[in-house]
Amino acid sequence: MRWYRANGRHDLPWRLTRDPYAVLVSEVMLQQTQVDRVKPYFVDWMERWPDAASLADAEPAEVIRAWAGLGYNRRALNLHRAAVKVTDRFEGRVPTDEDTLKTLPGIGPYTAAAVHCFAGERRTPVLDTNTGRVIARARLGAADMRTAGDRRTREAASELLPSRGARDWNLALMDLGAMVCTARKPACDRCPLRNGCAWLLAGSPVAEGAGAAAVRFEETARFARGRIVDALRERDAMETLEIADLLPGAHAANVDTYLGGLERDGLIERLPGTERSWRLPGKATGR
DNA sequence: AAGACGTGGGC
DNA sequence: TGCCCAAGTCT
């Protein structure tokens with residue numbers, strides 16, 4: 001905690017508020033996404049849609065456009081859906097109860113715990129890739145959370161959680177994991193836990209390479225889907241054929257598959273009254 | 001319960 | 001250059 005007070009990222013925009021909606025927006029943006037990239041998006045977002053009700057009122061298409069560059073576009077859609085649900089069911093107030101939060105689309109164990117703790121200032125372990133790695137290494141001597149096992153890491157996180165000041169505790173663990181106890185090149189020489197670290201004691205074991213990555217990313221459906229949504233961000237609508245034309249290499253032959261998948265996810269829809277014209281989704285009719 | 005799901009930066 | 005990684009969730 002002494003290290004955190006002196007070195008923590010206390011000025012992050014989403015740490016200066018306890019507004020559950022603001023914290024939720026930041027947490028969703030931060031899913032699998034680094035702090036530096038999120039910052040400007042978060043500030044712009046809060047200016048444009050300062051509360052759940054205003055976000056609920058927005059066109060899904062505009063929400064998806066505002067998300068450009070953040071990746072994992074379904075997060076944008078789920079955040080919008082969550083705002084609609086919160087507006088309809090909870091009078092526009094984002095809940096801070098973990099179980100209630102988990103009923104919202106796109107909110108899993110991590111995000112529910114984060115909003116509960118960071119906005120609600122309630123005592124609960126917040127386990128993510130950072131805090132998980134710190135605990136797995138420092139307490140269990142494992143390479144990471146994966147190696148240590150989810151179960152054991154969760155148990156250790158619960159045992160370590162102080163009875164008071166859980167918010168700062170979790171934020172401290174998070175900053176330590178992001179700034180010092182990093183995945184690739186941990187700076188153990190300036191780590192406040194270096195003297196009692198089980199991982200250091202065990203000889204700093206490294207996890208086995210995840211492998212995979214057999215095909216180039218550019219060959220994956222994920223890449224093609226990203227191109228399609230991105231193209232639609234700049235236009236009102238496009239024909240299937242136009243979309244096929246802008247896809248590189250063998251992707252053109254799979255347009256229908258990609259479009260079908262994106263439609264099922266709700267990231268695109270057919271232009272009303274047409275069969276091969278596509279656009280980003282408009283407001284759902286009748287709710 | 002593996003695999004899908006975007007994008008950009010670091011080394 | 002190419003691979004790894006980043007405040008996860010859903011199916």
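Order of the sequence lines sets the chain letters (A, B, ...), proteins ahead of strands, with each chain counted from 1. Quick note: numbers below take in every heavy atom, side chains included, and nothing from hydrogens, waters or symmetry partners.
When all heavy atoms of A:P125 and A:L161 are compared, the pair lying nearest together is N-CD2, 3.7 Å.
Ion pairing of A:E155 with A:R152 is absent here, as no side-chain N (NZ or NE/NH1/NH2) approaches a carboxylate O to less than 4.0 Å. A salt bridge links A:E62 and A:R48; the closest N-O separation between the charged side-chain nitrogens and carboxylate oxygens is under 4.0 Å.
Listed in residue order, the members of residues 7-14 of chain A having a heavy atom less than 4.0 Å from DNA chain B come to none.
Between C:dT1 and B:dG6, the two P atoms lie 27 Å apart (nearest whole Å). Taking atom P in both B:dC5 and C:dG2, the straight-line distance is 23 Å, to the nearest Å. Annotation: C:dA7 and B:dG3 have their P atoms spaced 24 Å apart (nearest Å).
Heavy-atom nearest nucleotides on DNA chain C were determined for A:D175 and for A:I107, and the one closer to the 5' end corresponds to A:D175.
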What side-chain donor-acceptor pairs closer than 3.5 Å can you find for residues 188-200 of chain A, not counting sequence neighbours?
| residue | atom | partner | partner atom | Å |
| --- | --- | --- | --- | --- |
| A:R194 | NH1 | A:C191 | O | 2.6 |
| A:W199 | NE1 | A:P205 | O | 2.9 |

Please list, for nucleotides 6-9 of chain B, all pairs of protein and nucleotide N/O atoms separated by less than 3.5 Å.
| residue | atom | partner | partner atom | Å |
| --- | --- | --- | --- | --- |
| B:dG6 | OP1 | A:N73 | N | 3.1 |
| B:dG6 | OP2 | A:R225 | NE | 3.0 |
| B:dG6 | O4' | A:Y72 | N | 2.7 |
| B:dG6 | N7 | A:R222 | NH2 | 3.2 |
| B:dG6 | O6 | A:Y72 | OH | 3.0 |
| B:dG6 | N2 | A:T33 | OG1 | 3.4 |
| B:dG6 | N2 | A:L70 | O | 2.9 |
| B:dT7 | OP2 | A:R227 | NH2 | 2.8 |
| B:dT7 | O2 | A:R37 | NH2 | 2.9 |

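Counting only residues at least two apart or in different chains, salt bridge (Lys or Arg N to Asp or Glu O under 4.0 Å) contacts with residues 250-279 of chain A comprise A:R74-A:D265, A:R225-A:D265, A:E263-A:R270, A:E269-A:R279, A:R270-A:E275.
Base engagement by A:V35 is indicated by at least one non-hydrogen atom pair under 4.0 Å involving a base atom. Residue contacts shown for A:T111 are limited to sugar-phosphate atoms, with no base heavy atom under 4.0 Å away. Among the protein residues, A:R15 comes within range of the nucleic acid bases, having at least one heavy atom under 4.0 Å from a base atom. Using a 4.0 Å heavy-atom distance criterion, A:A114 is classed as making no nucleic acid contact.
With a 4.5 Å cut-off between side-chain heavy atoms of Ile, Leu, Val, Met, Phe, Trp and Tyr, the cluster of A:F217 takes in A:F223.
Dense packing is recorded around CZ of A:R81, with more than 12 heavy atoms of other residues, nucleotides or ligands lying under 6.0 Å away.
With rounding to whole Å, A:L127 atom CG is found 14 Å from C:dA6 atom P.
Legend: residues meeting ring pair (Phe, Tyr, Trp, His ring centres under 6.0 Å) with A:W67, ordered by chain and number and at least two apart, are A:W45.
Remark: of the listed residues A:V35, A:V134, A:T129, A:T131, A:T131 is the sole one forming a side-chain contact (heavy atoms from CB on, under 4.5 Å) with A:M174.
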